[in-house]
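From a predicted model like this one, the values you see are computed outputs, not experimental measurements.
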Amino acid sequence: MHDVIIVGARCAGAATALLLARQGVRVLLTDRAAFPSDTVSTHLLHPTGVARLRDWGLLDPLLASGCPPIDTISFRAAEDLVLRGAPYPYDGIASSLAPRRTVLDALLVEAAVAAGAELREGVSFQQPIREDGRAVGAGFGGRSGRSGFTERAALIIGADGRHSAVARQVGAKPIRDAGTFGCQFYGYWHGLPNVGTQIFVGGGQAVLAYPTHDGHHLVLVGWPHARFAEVKQDIDRHFLAAVAKSAPAVAEHLTDAARGGPISGSGDLGNYVRESSGPGWVLVGDAATAKDPVTAQGIGDAFAQAQSLADRLPAALAAGPRAVDAATAAHSTDRERDGGAAFETTLTFARGGNSAALLPVLRKAEGRPDLISMFYGIYAGQVTMEEFVAAVG
């Protein structure tokens, strides 16, 4: 018997498995995919997330894989206003990273297995096993020729994303559905100069470019969700036209010869909070709560939730079911409390709010590296808009 079964082995699930296994918890880590494999993502890790990788002993291996640190950010807020600065620092880390998910997710999975977690790939969660109203295990179906199976455990952790089968099967209720405001598409090109993260906003769209693995840059375009159906009709044409309009210096590098694959993206970017714990189960990552990627907080949020669970669960598992449920309930309560301000800020940015009102404030911050970094701290969830405005004066 395992102590925990984790459904989903990407950033939230694999990080949770790693941290629990290192403390002697018997972990079964499962996923529909086999690793390495890709997934839709902004890729970006703010310094808070980078610091956690350092603390977990995974930052050096990630850097050694060829993931370049990002030490500068430029933000074009208007034709005549470009803010240049550094990421908002956290715990001695002042760099961001944008790793390919084929690399980051595999690194986390391999570290979890090295710590003692059992990995089963190519399996699909079907339903929880219940006794007296409590989840005490899970049934899985096989994929790609694998056989189905059931396993028992003291806790099921659903880390299986926005369309979580665990959330659906345990009946996790929606606490808040704040709507969907954006869509985004991105691709990879080599040959762009490495000048850090570049952000161009205006004209009803946003264009971003930042370095990732293999000498490539990820170039991303975000539109209001109302444009999604139109953009989907001819993604390449709309994407390249958007970059040419907002970032012509970037667009000149987006040749077919420099392209590193198809343009990917999604309009499935809802902002929500779900009931996240119950008898014998808990949700983490996008299975629990998700927000628009405009602030690129998803991976960092997953890491924070993994750490929160890992800090609580080993002692609770030793104390029995009531202690486990109390620990997961406390985890969920703290997450909702601590993440509330960042959720609201993300909604404001996703709606396109504050754009006109912000311009006078940003003009005051121009040429002030400390205030510019603080502005980036809003996107990272470390600073509130009110704190930034007060600091600008």
Side-chain angles (χ1 to χ4, degrees), residues 40-49 70 73-78 81-83 85 87-88 96 98 162 176-186 197-210 218-228 242 246-247 265-273 286 289-302 304 338-365 371-392:
V40 174
S41 172
T42 60
H43 297 48
L44 198 63
L45 260 177
H46 297 293
T48 47
I70 302 172
I73 306 174
S74 67
F75 183 96
R76 196 197 69 178
L81 179 60
V82 179
L83 303 179
Y88 194 69
S96 301
R162 287 178 172 269
R176 182 179 182 188
D177 182 352
T180 303
F181 305 102
C183 62
Q184 66 172 29
F185 293 88
Y186 62 87
T197 293
Q198 302 175 76
I199 305 171
F200 308 83
V201 298
Q205 61 188 32
V207 174
L208 289 80
Y210 36 80
L218 181 147
V219 181
L220 179 149
V221 179
W223 288 279
H225 194 266
R227 295 281 312 276
F228 180 67
S246 294
S266 178
D268 184 19
L269 304 178
N271 299 268
Y272 60 81
V273 181
D286 285 351
T289 180
K291 45 189 184 281
D292 192 286
V294 66
T295 51
Q297 293 179 17
I299 300 175
D301 285 352
D338 296 342
F343 191 92
E344 296 302 327
T345 298
T346 297
L347 289 181
T348 299
F349 283 133
R351 292 179 179 127
N354 281 345
S355 297
L358 258 183
L359 273 178
V361 180
L362 296 180
R363 291 189 188 281
K364 290 183 181 181
L371 293 178
I372 294 170
S373 287
M374 191 176 187
F375 174 63
Y376 298 143
I378 300 172
Y379 282 87
Q382 297 170 257
V383 178
T384 67
M385 185 66 73
E386 292 74 17
E387 289 169 337
F388 172 67
V389 171
V392 172

request  = Could you walk me through whether F349 and I378 pass the side-chain contact (heavy atoms from CB on, under 4.5 Å) test, one step at a time?
outcome  = CA-CA 10 Å; F349 283 133; I378 300 172; 3.7 Å; yes
request  = For H43 and Y210, run ring pair (Phe, Tyr, Trp, His ring centres under 6.0 Å): C-alpha distance rounded to whole Å, both residues' side-chain angles, the deciding distance at 0.1 Å, then the answer.
outcome  = CA-CA 10 Å; H43 297 48; Y210 36 80; 7.4 Å; no
inquiry  = Show, in sequence, the C-alpha distance, side-chain angles and deciding distance for Y186 and V40, and conclude whether the side-chain contact (heavy atoms from CB on, under 4.5 Å) test is met.
reply    = CA-CA 9 Å; Y186 62 87; V40 174; 4.1 Å; yes
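In this structure, the separation between CG on L269 and OG1 on T180 is 7.0 Å, given to the nearest 0.5 Å. L347 CG to T295 OG1: the interatomic distance, rounded to the nearest 0.5 Å, is 9.0 Å. Note that the CG atom of L44 and the OG1 atom of T197 stand 5.5 Å from one another [nearest 0.5 Å]. Between the OH atom in Y379 and the CD1 atom in I73 there is a gap of 10.5 Å [rounded to 0.5 Å]. Between the CD atom in Q198 and the OG atom in S74 there is a gap of 5.0 Å [rounded to 0.5 Å]. The structure places CG of L83 at 9.5 Å from CZ of R363, a figure rounded to the nearest 0.5 Å.
The shortest distance between side-chain heavy atoms of F75 and V201 falls below 4.5 Å. Under the 4.5 Å side-chain criterion, counting only non-hydrogen atoms from C-beta, L371 is not in contact with K364. In this structure, the side chains of T289 and F343 come closer than 4.5 Å at one or more pairs of heavy atoms. At a threshold of 4.5 Å between non-hydrogen side-chain atoms, the residues P47 and S96 count as touching.
Between the N271 side chain and the G179 main chain, a donor and an acceptor come within less than 3.5 Å of each other. In this structure, H46 contributes its side chain and Q297 its backbone to no donor-acceptor pair below 3.5 Å. Of the possible polar contacts, none joining the R76 side chain to the G202 backbone as a donor-acceptor pair under 3.5 Å is found. Not a single donor-acceptor pair under 3.5 Å links the side chain of R227 to the backbone N or O of C183.
Listed by chain and number, the residues in a side-chain hydrogen bond (donor to acceptor under 3.5 Å, both in side chains) with E387 are T384 (sequence neighbours excluded). Qualifying side chain to side chain contact (heavy atoms under 4.5 Å, CB included) partners for A242, counting only residues two or more places apart in sequence or in other chains: Q205, V221, W223. Applying the side-chain hydrogen bond (donor to acceptor under 3.5 Å, both in side chains) criterion to R176, with sequence neighbours excluded, gives E344.
Residue I299 comes nearest to L45 through the heavy atom pair CG2-CD2, 3.6 Å, listed as atom of the first residue, atom of the second, then distance. Across all their heavy atoms, G270 and R162 have their closest contact at O-NH1, 2.7 Å. Across L362 and A77, no two heavy atoms sit closer than the pair CD1-CB, 3.9 Å. Closest of all the heavy-atom pairs between H225 and G267 is NE2-O, 3.0 Å.
Centroid-to-centroid, the aromatic rings of F375 and F388 come within less than 6.0 Å.
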